[in-house]
Protein chains: 2
Amino acid sequence: MFTSKDVARLAGVSQSTVSYVMTGKRPISEETRKRVQAAIDLLSYQPNAGAQALASSRTRVIGLVVPVGGDLGNTGVVPFLEAITQCAREADYDVLLVTADEGAAGLTRLDARSLCDAIVMMVIAANDERIPVIPSLRVPVVLIGVPDDPVGLHCVDIDFTQAGRLAVEELVGTGHRRIVVVGHPPHTIARGNSFVGQFQRGVDEAAATAGIRTGLVQLPESTPSGAREVVDKALSGTEPADGLIVPHTSAIPHVLGTLLQRGMVPGRDISVVGHCTDSAAEEMEPSVTNVSHAPREISRRAMRTLFALLDDEGGNPPPYGVELVPSRLTRRATTVTTLRP
Amino acid sequence: MFTSKDVARLAGVSQSTVSYVMTGKRPISEETRKRVQAAIDLLSYQPNAGAQALASSRTRVIGLVVPVGGDLGNTGVVPFLEAITQCAREADYDVLLVTADEGAAGLTRLDARSLCDAIVMMVIAANDERIPVIPSLRVPVVLIGVPDDPVGLHCVDIDFTQAGRLAVEELVGTGHRRIVVVGHPPHTIARGNSFVGQFQRGVDEAAATAGIRTGLVQLPESTPSGAREVVDKALSGTEPADGLIVPHTSAIPHVLGTLLQRGMVPGRDISVVGHCTDSAAEEMEPSVTNVSHAPREISRRAMRTLFALLDDEGGNPPPYGVELVPSRLTRRATTVTTLRP
DNA sequence: CGTCATCGTCGATGCGTATCGATTGAGCGT
DNA sequence: ACGCTCAATCGATACGCATCGACGATGACG
């Protein structure tokens with residue numbers, strides 16, 4: 001493999017000149033630049049990452065800490081990974097993958113070994129053991145998700161409270177009065193994410209404003225039979241639901257399936273508002289009125305914050321804080337809009 | 001941040017001694033070792049990755065090239081990622097994530113910049129543009145998936161042909177004679193993976209052996225309505241199917257749903273054999289008789305090969321070749337076993 | 001008591017790049 | 001012709017670690 005010294009020899013310049021051509025940190029005459037560039041191209045020279053990291057104390061790597069296990073395929077980490085990797089590459093950064101099961105040690109390792117210049121961490125628990133170590137790291141950290149106490153942290157997340165509010169407002173606005181939320185399965189709740197409560201808070205707020213009360217049924221598991229159980233519960237009693245809100249994405253198709261099985265057509269006999277990505281909402285049958293869930297957008301914003309932190313030259317770093325991305329509601333096939341009495 | 005020199009000073013030894021304590025490449029007296037270790041612990045010393053890579057020309061990083069876009073969440077890359085990362089960490093390696101859309105340049109970058117010691121690549125196309133550059137890389141590469149011409153490559157994959165055979169044999173063995181395969185959606189086929197044809201080959205072989213002919217219906221898209229269309233086709237005509245084989249995991253629930261809608265109970269009125277992970281098979285309703293799909297097992301084997309290549313000291317590297325992992329068939333609720341006339 | 005091997009440790013060097021100060025040469029004014 | 005400035009380039013060094021050769025101490029053995 002070739003080094004910058006080889007390039008220098010071939011171009012008839014010193015190694016430092018090659019370095020300056022690559023970084024552009026000192027003026028280089030057009031003629032020299034071309035000669036060096038030709039040598040670089042000829043040898044297909046690419047700088048050694050380790051040496052570069054050592055000399056510049058910049059790795060051009062982003063550490064990405066992802067959750068593991070369980071319903072991850074469902075939770076949809078993949079779009080986050082894709083978007084983050086894409087953003088990183090666009091800025092000529094690479095992505096080092098670390099799993100959450102390394103815990104706080106994973107963070108300190110990334111930092112202490114100088115494996116990366118910054119960390120993106122997808123938060124799991126509201127009260128995460130890793131949060132306390134963050135301030136002691138040299139590298140900046142951006143969280144996707146919001147822990148209980150976000151002081152001194154950079155967080156980006158869906159505005160779950162607004163999402164919950166939006167869902168209720170849509171249903172209330174179209175005349176629904178007996179709204180039931182289909183809660184997350186125990187598995188999700190057990191992880192202690194804060195978004196469960198945040199969404200519910202939005203629901204409660206909007207319900208209070210509208211002067212109605214909402215129901216809440218807990219999903220035993222995100223399967224067809226789990227949905228059946230829960231839907232039956234929501235439809236039973238003296239006041240059967242006329243609108244369902246389903247914050248758990250993977251439960252939505254099961255809820256729809258159950259309703260159809262029961263002979264109730266979503267959008268005709270009952271309304272369903274889901275919390276999911278727009279593309280998922282469109283692909284379901286019938287297409288679901290949804291409050292949007294935009295992993296790519298979230299990721300982009302997180303990366304924007306990250307790069308602002310990285311580019312900051314002692315000047316004015318972006319302030320700590322929580323950036324909440326509002327959801328949009330898109331009316332599709334599953335809401336009854338003619339209900340208004 | 002502390003360096004090995006700091007540790008050395010604190011322990012009253014030279015820097016090289018610290019290095020030898022950490023690597024164990026030279027004998028160190030028990031007393032010195034303890035003193036050094038105490039200093040390491042006290043300072044929470046961790047070696048600088050860049051310096052280590054530069055000095056040893058070993059990065060302790062595995063490059064992982066993953067496919068992107070489209071139905072990836074469905075395809076289930078996540079378990080591969082998890083298993084590979086876990087294996088890597090167990091051997092004290094990190095994982096650098098690269099997406100397939102970088103193409104061959106991604107591979108050469110990993111290699112030329114010495115970003116990693118080895119590469120795991122999840123193959124997409126049977127005739128992949130990246131395959132030809134592999135032999136020119138200094139780092140070993142292991143493929144998950146098999147391209148058309150696997151000469152000079154290390155590949156690990158599911159034995160799709162055996163899987164197809166197994167599915168047919170199960171149905172034939174339980175008395176089915178009118179077997180229809182529900183093909184992959186165009187989106188998947190367009191990617192040009194070789195496994196589509198391989199599975200079908202297994203199906204054809206087993207059918208020929210049994211002296212029957214199988215049908216094939218193409219799924220227009222992996223949605224409930226796509227499944228409906230395809231199932232109707234399979235059930236129509238003078239010889240309606242008595243057994244369905246569904247190689248596309250995400251189509252299985254839709255096929256089951258359609259059948260139930262049509263009043264046909266899988267496992268009573270018709271049989272369904274899916275190709276999916278065991279856990280997915282168990283979670284569907286009804287639980288699906290499946291030919292197993294074991295991403296974690298595949299990943300582990302790939303990593304085993306990888307480490308064999310890395311550990312090899314000029315001695316006897318593992319030979320090039322394709323390692324096919326056989327599937328198991330597990331009989332669950334969706335096969336009629338009382339059909340035998 | 002001298003010789004020699006062995007074990008444990010140290011010093012020096014190199015890995016490939018970034019970067020700082022020094023140097024060269026050209027252009028300019030006087 | 002002289003000194004001066006400024007642009008462009010070079011040389012030397014540091015980054016933090018691994019590794020090689022060298023060296024001192026220790027003990028075995030004759």
Side-chain angles (χ1 to χ4, degrees), chain A residues 1-37 39-40 43-61 92 109-117 138 313, chain B residues 1-37 39-40 43-61 92 109-117 138 313:
Chain A
M1 197 83 313
F2 296 111
T3 71
S4 59
K5 207 177 288 179
D6 298 316
V7 174
R9 196 180 317 134
L10 184 59
V13 298
S14 74
Q15 179 267 324
S16 58
T17 301
V18 174
S19 182
Y20 285 122
V21 167
M22 298 215 63
T23 63
K25 294 198 176 174
R26 277 202 186 172
I28 296 287
S29 72
E30 192 50 33
E31 190 206 1
T32 325
R33 178 195 310 284
K34 272 196 288 203
R35 253 202 352 267
V36 171
Q37 190 58 53
I40 288 174
L43 301 182
S44 302
Y45 167 71
Q46 299 201 230
N48 179 294
Q52 225 168 11
L54 181 57
S56 67
S57 43
R58 290 211 145 222
T59 61
R60 298 209 76 84
V61 169
D92 199 27
R109 191 167 59 87
L110 286 178
D111 185 55
R113 303 206 52 199
S114 295
L115 278 163
C116 62
D117 295 336
R138 296 170 306 164
E313 292 292 329
Chain B
M1 198 80 316
F2 296 109
T3 71
S4 60
K5 206 178 289 180
D6 297 318
V7 174
R9 195 179 318 133
L10 185 58
V13 298
S14 73
Q15 179 266 324
S16 58
T17 301
V18 174
S19 183
Y20 286 122
V21 166
M22 299 213 65
T23 63
K25 293 196 178 175
R26 279 203 183 170
I28 295 286
S29 72
E30 192 50 34
E31 189 206 2
T32 316
R33 176 194 313 282
K34 271 195 291 203
R35 254 205 345 271
V36 171
Q37 190 57 53
I40 288 174
L43 301 182
S44 303
Y45 167 70
Q46 300 201 231
N48 179 293
Q52 224 169 11
L54 183 57
S56 66
S57 43
R58 290 210 144 225
T59 61
R60 299 211 75 86
V61 169
D92 198 27
R109 190 167 59 87
L110 286 178
D111 184 55
R113 303 204 53 198
S114 295
L115 278 163
C116 63
D117 295 337
R138 297 170 305 165
E313 292 292 328

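Below, chain A is the first sequence line, B the second, and so on; all start at residue 1. As a basis for the values below, the full set of heavy atoms in this structure was taken, side chains included, without hydrogen atoms, waters or symmetry mates.
Listed pair A:Ser29 / D:dT9 meets the phosphate criterion, a side-chain N or O lying under 4.0 Å from OP1 or OP2. Distances shown here put a side-chain N or O of A:Lys25 below 4.0 Å from the OP1 or OP2 atom of C:dT19. Taking 4.0 angstrom as the limit, A:Thr3 places none of its side-chain polar atoms (N or O) nearer than this to OP1 or OP2 of C:dG16. When the side-chain nitrogen and oxygen atoms of B:Ser56 are compared with OP1 and OP2 of D:dC17, none of them lie within a distance under 4.0 Å.
Between the side chain of A:Arg138 and the backbone N or O of A:Asp111, at least one donor-acceptor pair lies under 3.5 Å.
When rounded to the nearest whole Å, the span between CZ of A:Arg113 and C1' of D:dC17 equals 11 Å. Computed from coordinates, the A:Lys5 NZ to D:dG11 P distance equals 12 Å when rounded to whole Å.
Looking at heavy-atom distances under 4.0 Å, A:Phe2 makes no contact with the nucleic acid at all. Using a 4.0 Å heavy-atom criterion, one finds that B:Ser16 contacts the bases of the nucleic acid, with or without backbone contacts as well. Contacts of A:Val18 with the nucleic acid, taken as non-hydrogen atoms under 4.0 Å apart, are absent. At the heavy-atom level, B:Ser19 lies under 4.0 Å from base atoms of the strands shown.
For residues 46-55 of chain A, proximity to DNA chain D is found at A:Leu54, A:Ala55, defined as any non-hydrogen atom under 4.0 angstrom from a strand atom.
The list of salt bridge (charged side-chain N to carboxylate O under 4.0 Å, His left out) pairs with a residue in residues 3-14 of chain B, not counting sequence neighbours, reads B:Asp6-B:Arg9.
A donor-acceptor contact under 3.5 angstrom links the side-chain atoms of A:Gln15 to the base of C:dA18. For C:dC7, its base never sits under 3.5 Å from the side chain of B:Tyr20 at any donor and acceptor pair.
Considering only side-chain atoms of B:Pro27, the nucleotide from C:dG8, C:dA18, D:dT9 that sits closest is C:dG8.
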Strictly under 3.5 Å: I want the nitrogen or oxygen pairs between protein and nucleotides 22-27 of chain C, one per line.
none

